[in-house]
Amino acid sequence: MDKIRLSLAQTRRFSNYSDGITWLRTQVRGLDTDLIVLPENWVGTRVLSNEEFNEFVEMLRVIAEGVNAW
């Protein structure tokens with residue numbers, strides 16, 4: 001049976017998603033995982049515009065691809 005490699009991230013809340021993504025990139029270097037679990041509201045509580053949300057999701061996709069995560 002295959003196993004899922006799970007990584008949990010614990011961090012402070014960032015004031016914007018760009019700072020959060022920068023932090024996440026530094027933390028996942030060399031990581032090989034299937035799933036990264038991030039805290040709720042880790043990139044702030046401000047509602048993102050559609051453009052910001054799409055950019056944020058794309059940044060997460062690139063990070064996930066870099067560590068072979070789903």
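Keep in mind that the numbers below use all heavy atoms, side chains included, and drop hydrogens, waters and symmetry copies.
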Pairs under 3.5 angstrom only: tabulate donor-acceptor contacts from the side chains of residues 40-48 to other protein residues two or more places apart or in another chain.
unit_1: R46; atom_1: NH1; unit_2: E52; atom_2: OE1; d: 3.2
unit_1: R46; atom_1: NH2; unit_2: E52; atom_2: OE2; d: 3.0

**OP:** Under the side-chain contact (heavy atoms from CB on, under 4.5 Å) rule, what do L60 and L24 come out as? Steps first, then yes or no, please.
**Re:** CA-CA 9 Å; L60 289 174; L24 184 58; 3.9 Å; yes
Original post:
R5: what forms a salt bridge (Lys or Arg N to Asp or Glu O under 4.0 Å) with it, not counting sequence neighbours?
Top reply: D32, D34
Subject >> Partners passing side chain to side chain donor-acceptor pair (under 3.5 Å) against S7 (at least two apart in sequence or in another chain) >> reply: T33
Subject >> Over 12 foreign heavy atoms within 6.0 Å of CD1, I4 >> reply: no
Subject >> All ring pair (Phe, Tyr, Trp, His ring centres under 6.0 Å) counterparts of W23, not counting sequence neighbours >> reply: F14
Subject >> Neighbour count >12 (heavy atoms, 6.0 Å) for atom CD, E58 >> reply: yes
**OP:** Please report the closest heavy-atom contact between P39 and A9, naming both atoms and the distance.
**Re:** CD-O, 3.3 Å
Original post:
Who are the salt bridge (Lys or Arg N to Asp or Glu O under 4.0 Å) partners of E55, not counting sequence neighbours?
Top reply: none
Subject >> Residue list, salt bridge (Lys or Arg N to Asp or Glu O under 4.0 Å) with D19, at least two apart or on another chain >> reply: none
Subject >> Inter- and intrachain pairs under ring-ring contact (aromatic ring centres under 6.0 Å, His included), touching residues 45-70, at least two apart >> reply: Y17-F56
Original post:
Considering residues at least two apart in sequence or located in another chain, which fulfil the side chain to side chain contact (heavy atoms under 4.5 Å, CB included) criterion with L35?
Top reply: L6, V37
Subject >> Which residues share a salt bridge (Lys or Arg N to Asp or Glu O under 4.0 Å) with E65, sequence neighbours left out >> reply: R61
Original post:
Can V62 be reached from L38 by stepping across I, L, V, M, F, W or Y side chains whose heavy atoms are under 4.5 Å apart?
Top reply: no
